[in-house]
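Beneath this line is the structure, given in structure tokens, with notes to follow.
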Amino acid sequence: MSYWWPFRSRYLPLTFGKRAILLFAFLSCLIIIWYFGCNSHPICKRDKLARNDGSTPCIVLWWTNIGAEKMTFDDILCGYNTCAVTSNRKYLPQAKAILFYASSLNWHDLPLPRQPEQIWALLHEESPRNVLEFLFEETLQHFNYTSTFSRYSDFPLTINALPNITEITNPKYVVTIGRKNVARNNLAPILFLQSDCSTMSGRTNYVEELMQYIPIDSYGSCLNNRQMPDSLQTDFLNKLYTEEMYRFIGQYKFMISIENGVCEDYITEKYWRPLIAGTVPIYFGSPSIRDWEPYNHSTIYITDYQSPKELAKYILELDRNDSEYVKYLQHKYNQIMPITNQRLIEEFYVRTEETMFFTKFACQVLQALWAQSAKTKMANRLHYNCPLPLPYPAMERPPTEIHSWNSLLKRANCMAKSIDELLHINRAFTETELHDLTNAKIENELC
Ligand SMILES: *[C@@H]1O[C@H](CO)[C@@H](O)[C@H](O)[C@H]1NC(C)=O
Ligand SMILES: *[C@@H]1O[C@H](CO)[C@@H](O)[C@H](O)[C@H]1NC(C)=O
Ligand SMILES: *[C@@H]1O[C@H](CO)[C@@H](O)[C@H](O)[C@H]1NC(C)=O
Ligand SMILES: *[C@@H]1O[C@H](CO)[C@@H](O)[C@H](O)[C@H]1NC(C)=O
């Protein structure tokens with residue numbers, strides 16, 4: 001007795017042969033419906049356009065270490081296609097795309113020789129100073145796709161450090177101007193909270209000069225002159241985005257917001273946190289930061305002032321003038337149009353979310369690849385747009401850090417040229433080979 005057969009019934013006894021014919025007819029119908037139905041349906045059409053061509057298996061290889069998100073051979077769904085993402089290097093020959101996380105990339109450990117059809121893609125959301133060689137097009141051009149802070153990268157991460165655009169207008173953390181004025185009895189007007197003291201942007205030097213003209217409370221290890229409240233001090237790093245932290249920042253009228261590197265669109269939490277807390281950022285970093293400010297009077301730009309002394313003078317005036325000061329907090333007090341910057345609003349709603357960071361990137365690369373119309377796609381200087389020589393804010397004395405950063409950059413420049421040469425030879429090279437070539441270039445002033 002075969003109870004699984006749906007057409008079986010007492011009234012319609014069927015032989016095995018008839019059952020088989022019925023089943024065949026039923027399946028044929030299904031195929032015909034699927035074929036014709038699908039060709040006219042927009043979803044199926046799109047599916048065909050975006051589909052992996054099928055001639056090669058769809059495998060993506062993470063070449064560099066990506067920490068906790070380690071992948072054995074995981075299926076991911078990109079659009080309508082399933083692909084495998086792995087960090088197991090034995091799949092190198094079959095991999096369609098090879099992905100690199102810049103912070104854990106070793107130049108002498110690249111998948112060489114490179115197969116001509118293999119795509120290289122680079123992910124880097126961190127500070128440019130972690131891998132200085134990327135400041136040069138000689139290295140960047142070897143990657144077909146990138147995801148960096150730059151708006152010109154293929155999958156920009158420009159405003160990823162902003163937890164949520166609604167936080168900028170959230171009145172929850174706001175310390176009223178009256179209470180800020182009371183707090184001023186034992187607090188300086190400006191807050192400085194930084195423990196990374198040697199930066200390409202000369203941050204510590206600038207703040208040190210500014211301190212000569214206006215009081216600054218410094219809680220981090222750079223220029224420290226105050227202690228954090230105990231409740232914030234313990235487990236500090238996990239409290240960076242907590243309400244307690246925002247309220248702490250919010251007591252201050254101004255906060256130093258100087259990035260550690262100066263690159264177009266390199267914007268970190270140093271900019272967003274004071275804005276969220278209702279404290280005015282004193283900003284130096286991305287030269288085009290105005291493209292991302294919530295509205296055009298929300299930030300004090302260091303580059304607008306000829307010297308720390310001039311800046312201090314202006315801030316002292318604002319500190320005494322509530323009606324002028326409060327104009328910087330429109331995002332908290334203007335109920336009708338708190339954020340006027342449409343670019344910021346639009347970018348927030350299309351940005352890459354932090355969840356599944358590495359998987360998402362794999363998918364983005366694959367989809368771009370399937371949609372790629374031009375024959376070749378290469379990253380360029382704009383994907384990592386950091387002006388050289390290093391720009392510094394206007395200061396009275398040249399920053400002490402400038403020499404060491406310049407010599408590091410000089411070396412990185414020579415190294416980028418060497419990497420380019422070795423990649424063109426297209427065979428594996430050792431660390432010693434790369435260093436010898438770099439040193440030879442430095443000695444002979446070839447870069
Ligand atoms: C941002 O905040 C709003 C409201 O507070 C919330 O509805 C939304 O889900 C949040 N978005 C993200 C990406 O967290
Ligand atoms: C700032 O924006 C307002 C309107 O939103 C405009 O009237 C004003 O000219 C802008 N100021 C600057 C400096 O762009
Ligand atoms: C604040 O600044 C405005 C504009 O410069 C000025 O008209 C006003 O008198 C100032 N108020 C105080 C208290 O200094
Ligand atoms: C990928 O980049 C390499 C190196 O720049 C280039 O030679 C190759 O043509 C690019 N491939 C595609 C498919 O764009």
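Whatever order the structure lists them in is the order used to number ligands and atoms, beginning at 1. Residue numbers run from 1 in the order of the sequence given.
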* To do: Enumerate the residue pairs fulfilling side chain to side chain donor-acceptor pair (under 3.5 Å) with a member in residues 182-193, sequence neighbours excluded, ordered by first and then second residue.
  => Arg184-Asp319
* **Residue portion contacting ligand 4 (non-hydrogen atoms closer than 4.0 Å) for Gln118** => neither
* To do: Measure the shortest side-chain to side-chain distance between Arg411 and Ile442 over non-hydrogen atoms and say whether it is less than 4.5 angstrom.
  => yes
* Check: Tyr219 ring centre within less than 6.0 Å of Phe248 ring centre -> yes
* Is it the case that more than 12 heavy atoms not belonging to Gln306 sit under 6.0 Å from its CD atom? -> no
* Asked: With side chains defined as the heavy atoms from C-beta onward, is the minimum distance between Lys377 and Tyr145 less than 4.5 Å?
  -> yes
* State the atoms of ligand 4, each with its element, that fall below the 4.0 Å cut-off from a heavy-atom position in Thr376. => 9 (O), 12 (C), 14 (O)
* Structure fact -> For ligand 3, protein residues within the heavy-atom limit of under 4.0 Å are Asn321, Glu324
* Measure SG to SG for Cys83 and Cys58 and state whether it is below 2.5 Å. => yes
* To do: Pull out every atom of ligand 4 sitting under 4.0 Å from any heavy atom of Ile119, numbered as shown with elements.
  => 12 (C), 13 (C)
* Quick one: sort the Tyr283 and Tyr271 rings into parallel, tilted or perpendicular, breaks at 30° and 60°. => perpendicular
* Structure fact -> Near Gln372 (heavy-atom distance under 4.0 Å), the atoms of ligand 4 are 13 (C), 14 (O)
* Polar atom proximity, Asn144 to ligand 4 (N or O, under 3.5 Å) -> yes
* Asked: Under 3.5 Å between some N or O of ligand 4 and some N or O of Gln141?
  -> yes
* May I ask you to identify, for Lys377, whether its side chain, its backbone, both or neither come under 4.0 Å of ligand 4 on a heavy-atom basis? => both
* **Steps toward disulfide (SG to SG under 2.5 Å) verdict (Cys386, Cys263)** => CA-CA 4 Å; Cys386 312; Cys263 301; 2.1 Å; yes
